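Worksheet for the structure shown next.
What's counted below: heavy atoms across the whole structure, side chains too, no hydrogens, waters or symmetry copies. Below, chains carry the letters A, B, ... as their sequence lines are ordered, and counting in each starts from 1. Keep in mind the model is a prediction, meaning the values are calculated, not measured.
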2 protein chains.
Amino acid sequence: MQQSKNVEQKIIDAAYDTFVENGYEGAKMRDIAKRADINISMLHYYYRSKDNLFDIAFGRAFDCVYGKILGVLSSDASINEKIEQIVGIYIDTLVENPRVPNFIFSEIAQKSQPNQRFAKYRTMVFDAMAVLKRQMDLEAEKGSIRSVNMMEFFMDIESVCMYPFLTRGLWQKIFDVDDTSFNQMLINRKESFIRNIIKSIEK
Amino acid sequence: MQQSKNVEQKIIDAAYDTFVENGYEGAKMRDIAKRADINISMLHYYYRSKDNLFDIAFGRAFDCVYGKILGVLSSDASINEKIEQIVGIYIDTLVENPRVPNFIFSEIAQKSQPNQRFAKYRTMVFDAMAVLKRQMDLEAEKGSIRSVNMMEFFMDIESVCMYPFLTRGLWQKIFDVDDTSFNQMLINRKESFIRNIIKSIEK
DNA sequence: GTCTATAGCGGGATAGAC
DNA sequence: GTCTATCCCGCTATAGAC
């Protein structure tokens, strides 16, 4: 009888898609309602405000990209295994969700967004990263890898994995490449990305 | 007497800053007027519509990042010189204009934007790139470098140069780094970026 | 050219009937 | 829980006085 679970889920799904496609300002409550195939007032009945829906959608987007990554960071795999897994997860996840990175980063970059809104994600990332940092510091002391700055290290990984998706629209338009070929190109380059990153921390 | 030149320029400057900071949807005509310290109706008097102002602002943003780059691509420098110059220009330009890349790419990614609006930029990039492509094809035939896919090549360069700026907000928040240190970090890594790219096209 | 006033619309949100 | 009607604000754009 209770169909409310379904409606709630339909709203969240529609809100997520709409925000990811259009950003906070570009997403309209009316569009979300239409997409969920329900009345606008239902959005407010269940979730009270647009801001509220946005927070939920952003959380899902963040988890979509970083959920598995954070798990790997704090696992007990070796450094090289982690690099391999991380690159693999990034590429695979982003092939399936190409617009999510752009959503995450443009909203974070937006000055208008209150900083506090994203504070908890900072903590999550930082905590998971601390594990790998200890691991790498230890290896550096032993002399098996060079001493690595964590911010640079992560930036290097994300550069190769996420940049293509952030700017995908441009590349596909310029080089007239369709989604399938673009994805395949990245899947093909996975191994080379992994090799380069591993090489970059060698002594 | 004629102060209109000044007003026109003030409007363009204010529009540019406002669009770059907030994107198309986030930028309000009221904010632009306030920033230019003029009456809203002056915006319409001189530039008729928001769309019109946006196009001008986007053009300036594009030129800010790619103006010099396109010049280098079609110059008669050697391949390695071009790589060195391009990385240098990217880093230097983006240190001065850190928010511009995000503006360019989120607007291009936005589905709502008519494709045609960006068509001319495609042509500009493609033309300039053709010169370097011929150059590299020739070297590849001679066997002095490996055969290189241009899209992958450019993506690799932009990855390392632009990604840090696109996602700058996140990194600075997570690692608690201020603007100066962040910029310095990238300036310091310039040479290493150049070395890696040159190495990546070696046979 | 510059201002005020306001049209006109689209947006988020709510009241209240059912 | 769901719908209709509507409030009210903020936005772009324009009309018209000066």
Nearest-nucleotide pick for B:Ser49, side chain only, options being D:dA13, D:dT4, C:dG11: D:dA13
Counting only side-chain nitrogens and oxygens, does A:Tyr46 get under 4.0 Å of the OP1 or OP2 atom of D:dT2? yes
Interatomic distance, B:Asn39 CG vs D:dA13 P [rounded to whole Å]: 15 Å
May I ask you to check if A:Arg122 and A:Phe118 form a cation-pi contact, with NZ or CZ under 6.0 angstrom from the six-membered ring centre and within 45° of the axis? no
Give the nucleotide from the list C:dT2, D:dG1, C:dA13 with an atom nearest to the side chain of A:Lys50. C:dA13
Answer with base, sugar-phosphate or nothing: what part of the nucleic acid does B:Ala33 contact at a heavy-atom distance below 4.0 Å? nothing
OP1 or OP2 of C:dT14 sitting under 4.0 Å from any side-chain N/O of A:His44? no
Taking N and O atoms by type only, does the side chain of B:Arg30 place a donor or acceptor under 3.5 Å from a partner on the base of D:dG10? no
Rounded distance (Å) that lies between atom P of C:dA15 and atom CZ of A:Arg48: 13 Å
Tell me the interatomic distance from B:Asp37, atom CG, to C:dC3, atom P, rounded to whole angstroms. 9 Å
Give the nucleotide from the list C:dG12, D:dT2, D:dC11 with an atom nearest to the side chain of A:Tyr45. D:dT2
Checking ring-ring contact (aromatic ring centres under 6.0 Å, His included) against B:Phe54, which of B:Tyr47, B:Tyr16, B:Tyr24 comes through? B:Tyr24
Heavy atoms under 4.0 Å, any strand shown: does A:Met42 hit a base, just sugar-phosphate, or nothing? base
Considering only D:dT4, C:dT2, C:dC3, which nucleotide approaches the side chain of B:Val7 most closely? C:dT2
Look at the rings of B:Tyr163 and A:Phe105 and say which category their plane angle falls in: under 30° parallel, 30 to 60° tilted, over 60° perpendicular. perpendicular
Rounded to the Å, how far apart are A:Asp31 CG and C:dG10 P? 12 Å
Whole angstrom is fine here: how far is it from CG in A:Asn52 over to P in C:dA13? 10 Å
Value in whole Å for how far the C1' atom of D:dT12 lies from CZ of B:Phe19: 12 Å
For A:Ile32 and A:Leu53, the nearest pair of non-hydrogen atoms, with its separation, is CD1-CD1, 4.5 Å
In whole Å, what is the span from the NZ atom of A:Lys28 to the P atom of C:dC9? 17 Å
Euclidean distance, atom CD1 of residue B:Ile40 to atom C1' of D:dA15 [Å, nearest integer]: 15 Å
Parallel, tilted or perpendicular: which one describes the rings of A:Tyr121 and A:Phe62, with boundaries at 30° and 60°? tilted
